[in-house]
Amino acid sequence: QALLVESGVGLVQSGGSLRLSCAASGRTFRSYAMGWLRLAPGKERAFVAVIVWRSGNTYYAESVKGRFTIARDNAKNTVYLQMSSLKHEDTAVYYCASAPTVTAVAAAFDSWGQGTQVTVSS
């Protein structure tokens with residue numbers, strides 16, 4: 001399994017921006033898809049975005065499309081989530097995760113980071 005370490009804990013005002021990072025090591029994760037998911041209070045863990053490492057193709061949840069951007073840096077083995085126009089409802093613990101295929105299903109991701117808290121004040 002890959003070892004994934006997130007960074008970018010943040011408290012930001014509504015309308016603000018924040019970037020999360022996920023440093024990966026372990027298995028050759030470039031063969032896999034990397035994603036971001038989030039867990040908000042009282043809700044199920046939800047898909048946010050995923051990137052296909054080799055092609056760079058990206059997919060987003062409708063709720064973040066146009067506001068969030070997922071990207072990867074081959075040289076640094078790092079995946080990013082740039083979040084803009086943040087809303088109070090984006091408040092959640094954000095997890096970086098890897099999967100053996102492109103997916104938006106949380107259960108299909110097989111390695112997870114420890115999670116990082118993002119709080120958006122209204």
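With hydrogens and angles ignored, the 3.5 Å screen pairs a side-chain donor or acceptor of His88 with a backbone N or O of Val120. The main-chain N or O of Ile51 is never found under 3.5 Å from a side-chain atom of Thr58 such that the two would form a donor-acceptor pair.
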With a cut-off of 3.5 Å and sequence neighbours excluded, list every side-chain donor-acceptor pair involving residues 38-49.
{"from": "Arg38", "atom 1": "NH1", "to": "Asp90", "atom 2": "OD1", "distance (Å)": "2.9"}
{"from": "Arg38", "atom 1": "NH1", "to": "Tyr94", "atom 2": "OH", "distance (Å)": "2.8"}

Extract all donor-acceptor atom pairs below 3.5 Å that involve side chains of residues 5-12 and protein atoms in other chains or at least two apart in sequence.
{"from": "Glu6", "atom 1": "OE1", "to": "Gln114", "atom 2": "N", "distance (Å)": "2.9"}
{"from": "Glu6", "atom 1": "OE1", "to": "Gln114", "atom 2": "NE2", "distance (Å)": "3.4"}
{"from": "Glu6", "atom 1": "OE1", "to": "Gly115", "atom 2": "N", "distance (Å)": "2.9"}
{"from": "Glu6", "atom 1": "OE2", "to": "Cys96", "atom 2": "N", "distance (Å)": "2.7"}
{"from": "Glu6", "atom 1": "OE2", "to": "Gly115", "atom 2": "N", "distance (Å)": "3.3"}

Using the side chain to side chain contact (heavy atoms under 4.5 Å, CB included) rule, take Phe68 and Leu20 through it: C-alpha gap first, then chi angles, then the decisive distance, then the call. CA-CA 11 Å; Phe68 291 11; Leu20 305 180; over 6 Å; no

Please assess Ile70 against Tyr59 for the test side chain to side chain contact (heavy atoms under 4.5 Å, CB included), listing each intermediate value before the final yes or no. CA-CA 9 Å; Ile70 187 171; Tyr59 304 90; over 6 Å; no

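For the pair Ser85 and Arg67, the minimum side-chain heavy-atom distance is below 4.5 Å. Val50 has its side chain out of reach of Tyr60: every pair of non-hydrogen atoms, C-beta onward, lies at least 4.5 Å apart. Counting heavy atoms from C-beta outward, Met83 and Val118 have side chains that approach closer than 4.5 Å.
Expressed to the nearest 0.5 Å, how far CG of Asn77 lies from CE of Met34 amounts to 9.5 Å. Considering CG of Asp110 and OG of Ser98, their distance stands at 5.0 Å, rounded to 0.5 Å.
Between Ala97 and Leu4, the closest heavy-atom pair is CA-CD1, 3.6 Å. Across all their heavy atoms, Ala99 and Tyr32 have their closest contact at O-CB, 3.1 Å. Between Cys22 and Trp36, the shortest heavy-atom contact is CB-CZ2, 3.7 Å. Here the closest non-hydrogen pair linking Ser14 and Ser122 is CB-CA, 4.2 Å.
The side-chain contact (heavy atoms from CB on, under 4.5 Å) check on Ala108 picks up Thr103, Val105, with sequence neighbours excluded.
When the side chains of ILVMFWY residues are joined at heavy-atom separations under 4.5 Å, either directly or via intervening members, Tyr95 and Tyr80 end up in two distinct hydrophobic clusters.
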